[in-house]
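The structure presented is a predicted model; accordingly, all values stated were derived computationally and were not measured. Just so we're on the same page: letters track the sequence lines, and every chain starts at 1.
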There are 2 protein chains.
Amino acid sequence: MLTRSEEDHLKAVYALLQDGDSALTKDIAQRLRTKASSVTDMLKKLAEKGLLKHEPYYGVKLTAKGRSHALQLVRRHRLWETFLVQHLGFGWDEVHELAEQLEHVANDKLTDRLDDHLGKPAFDPHGDPIPDRQGRIRERKTLRLSLCKAGQVLRIAAVSETTDGLLRLLDSKGLRIGSQLTVQEVHAFDGSMDIKPKNGAAFSVSKEVSHHLQVEPA
Amino acid sequence: MLTRSEEDHLKAVYALLQDGDSALTKDIAQRLRTKASSVTDMLKKLAEKGLLKHEPYYGVKLTAKGRSHALQLVRRHRLWETFLVQHLGFGWDEVHELAEQLEHVANDKLTDRLDDHLGKPAFDPHGDPIPDRQGRIRERKTLRLSLCKAGQVLRIAAVSETTDGLLRLLDSKGLRIGSQLTVQEVHAFDGSMDIKPKNGAAFSVSKEVSHHLQVEPA
DNA sequence: GTGATGGATTAGACACGTCTAAAGATCATC
DNA sequence: GATGATCTTTAGACGTGTCTAATCCATCAC
Ligand SMILES: [Mn+2]
Ligand SMILES: [Mn+2]
Ligand SMILES: [Mn+2]
Ligand SMILES: [Mn+2]
């Protein structure tokens with residue numbers, strides 16, 4: 001049985017290894033709003049429990065057991081987010097913190113029933129894939145909108161940062177998961193991008209925004 | 001902000017004051033599967049936070065603030081139990097421990113949305129009243145089946161102990177919230193009682209069982 | 001190679017929640 | 001009104017998770 005803090009550290013390691021190829025102590029600390037020394041302590045504990053390998057001063061790698069546990073956490077987190085949005089009518093910018101708590105109620109029957117109740121969804125409200133009972137993820141290859149070129153026709157697959165501010169900005173521009181858009185122009189000066197939604201007038205988004213939009217060819 | 005442990009202690013005090021007229025340190029400890037000395041520490045802390053009055057060696061009384069907080073906890077607990085039974089298909093004997101965890105996710109919007117989603121239920125799966133947003137409870141006067149006399153026609157209103165064993169026993173006999181029954185005979189020797197469900201053959205229940213069944217005139 | 005730099009770890013502290021053992025109260029009974 | 005049973009509280013300890021400050025280490029610039 002892991003404590004809430006252990007689980008949050010494990011999940012942070014998993015998330016950091018997902019994009020970057022390393023999970024640095026200071027990045028874990030930043031993500032959990034804690035200090036590097038606290039993280040070191042925790043990594044030692046998780047290593048003792050066989051959830052990860054910790055090579056001091058070098059880095060951290062998940063064991064199979066650790067990865068599996070992390071995937072279950074991610075599964076619970078994303079199922080709760082889906083429930084809160086689809087069944088309780090929350091906005092996609094309101095659910096992360098609640099899911100951050102609910103994910104720690106570890107009960108397989110509850111998780112599976114919730115999954116069934118939601119119709120075994122493959123993606124959460126932010127477009128992130130939901131691991132199934134076995135921890136399997138439907139992989140998709142998406143790319144950052146910021147790397148796309150003028151003329152491409154794309155669909156928004158996911159938002160890679162669930163900051164309230166970003167999500168509300170997207171809301172205000174009518175951009176959501178599944179929205180189709182065409183890239184009209186990319187401005188070299190500031191990296192901003194003019195895009196045209198399928199049904200609507202063109203407008204511009206900053207590089208900060210396009211960087212966090214994961215898209216796939218429409 | 002109260003910790004999980006503080007909340008559980010507060011709720012135990014509230015629950016004990018509900019039936020008996022006092023909340024003894026040892027009873028709180030027993031209910032929380034902890035020790036009397038730990039409870040004393042916690043009562044001191046809750047008293048400092050203004051949630052209850054603690055008169056050492058005498059007893060404990062909730063303040064308005066403490067009662068209000070306890071009622072919100074009870075509300076969340078019972079709403080989650082209702083959700084688990086009605087929407088996720090759990091048995092009424094399976095939900096208490098899960099609700100014991102879920103109740104600590106304190107977020108008014110979540111609680112109210114859940115309440116709406118369930119249709120603002122007045123009673124939980126065990127027949128216990130669910131406090132509303134303002135902490136108000138629809139009072140009913142019920143009596144223990146064990147105090148009833150032969151000939152009375154009654155409806156089961158609530159089960160006052162949510163032990164798995166009792167609930168499964170009731171399941172196996174077809175007794176549930178709302179069931180109608182007639183008392184046929186009460187045996188002085190062991191306090192057991194012969195009852196006849198509205199649709200079905202008569203059978204006997206022990207005093208241990210009838211003591212925990214709250215009934216009202218049918 | 002030698003420093004400088006910045007991230008990582010350790011040392012030492014503290015708050016919290018729990019425990020056991022010892023001491024203090026209350027109360028019923030004789 | 002003393003005694004004993006029972007309950008409650010205090011004293012002192014420990015594990016956990018966090019922090020700050022000090023130290024350690026890898027690496028990059030020169
Ligand atoms: Mn999230
Ligand atoms: Mn969390
Ligand atoms: Mn319950
Ligand atoms: Mn609880």
Side-chain angles (χ1 to χ4, degrees), chain A residues 1-17 19-62 66 69-70 73 100-101 103-104 106, chain B residues 1-13 15-17 19-62 66 69-70 73 97 100-101 103-104 106:
Chain A
M1 194 65 269
L2 298 189
T3 65
R4 171 164 184 181
S5 181
E6 288 170 336
E7 288 190 332
D8 281 335
H9 280 79
L10 184 63
K11 195 156 64 87
V13 170
Y14 173 82
L16 288 167
L17 290 176
D19 14 70
D21 53 329
S22 65
L24 300 183
T25 303
K26 80 170 167 48
D27 292 337
I28 300 171
Q30 186 185 4
R31 184 176 278 249
L32 300 178
R33 286 186 196 75
T34 180
K35 301 299 175 192
S37 55
S38 310
V39 172
T40 302
D41 289 346
M42 213 62 204
L43 291 179
K44 249 184 278 186
K45 186 143 54 120
L46 292 173
E48 268 161 26
K49 295 199 176 189
L51 295 159
L52 48 81
K53 293 273 184 246
H54 184 213
E55 202 79 58
Y57 291 107
Y58 280 85
V60 60
K61 277 191 313 199
L62 291 176
H69 199 120
L73 268 168
E100 202 56 52
Q101 300 188 236
E103 68 188 357
H104 302 291
Chain B
M1 195 66 270
L2 297 190
T3 66
R4 172 164 182 181
S5 181
E6 289 170 335
E7 288 191 332
D8 281 336
H9 280 79
L10 183 62
K11 195 155 64 88
V13 170
L16 288 166
L17 291 177
D19 15 69
D21 53 329
S22 64
L24 300 182
T25 303
K26 78 169 167 52
D27 293 336
I28 300 171
Q30 186 185 5
R31 183 175 279 249
L32 299 178
R33 287 187 195 72
T34 181
K35 302 298 176 193
S37 55
S38 310
V39 171
T40 302
D41 289 346
M42 212 64 205
L43 292 179
K44 248 183 281 183
K45 187 144 53 123
L46 291 174
E48 268 161 26
K49 294 198 177 191
L51 295 159
L52 49 80
K53 292 272 184 245
H54 184 214
E55 202 78 59
Y57 290 106
Y58 279 85
V60 59
K61 278 191 313 199
L62 291 176
H69 199 120
L73 268 168
E97 285 310 313
E100 203 55 53
Q101 300 189 235
E103 69 189 356
H104 301 292

task: Could you check if a side-chain atom of B/H104 sits within less than 4.5 angstrom of a side-chain atom of B/D8, using non-hydrogen atoms only?
output: yes
query: Could you state the CG-C1' distance from B/D8 to C/dC16, rounded to the nearest angstrom?
result: 15 Å
task: Output the single nucleotide from C/dT9, C/dT18, D/dT9 whose closest atom is nearest the side chain of B/P56.
output: D/dT9
statement: Between A/Y58 and A/S5, the residue closer to the 5' end of DNA chain D by nearest nucleotide is A/S5
message: Just N and O in the side chain of A/T25: are any of them under 4.0 Å from OP1 or OP2 of C/dT9?
response: yes
- request: Look at B/K61 together with B/E55 and state whether they make a salt bridge at an N to O cut-off of under 4.0 Å.
  value: no
Phosphate OP1/OP2 of C/dT20 contacted by B/S37 side-chain N/O (<4.0 Å): no
- request: Go through the N and O atoms of the side chain of A/Y57 and the base of D/dC24, and report whether any donor-acceptor pair is under 3.5 Å.
  value: yes
Residues, nucleotides or ligands: over 12 heavy atoms within 6.0 Å of B/K53 NZ: no
Test applied, salt bridge (Lys or Arg N to Asp or Glu O under 4.0 Å); reference residue, B/E100; option that passes from B/R33, B/R31, B/K11: B/K11
- request: Could you say whether B/D27 or A/E6 is positioned toward the 5' end of DNA chain D, judged by the nucleotide with the nearest heavy atom to each?
  value: B/D27
query: Looking only at side-chain N and O atoms, does A/S38 come under 4.0 Å of OP1 or OP2 in D/dC19?
result: yes
- prompt: Does B/H54 put a side-chain nitrogen or oxygen below 4.0 Å from OP1 or OP2 of D/dT8?
  reply: no
message: Is A/K35 close enough to D/dA21 that one of its side-chain N or O atoms is under 4.0 Å from OP1 or OP2 there?
response: no
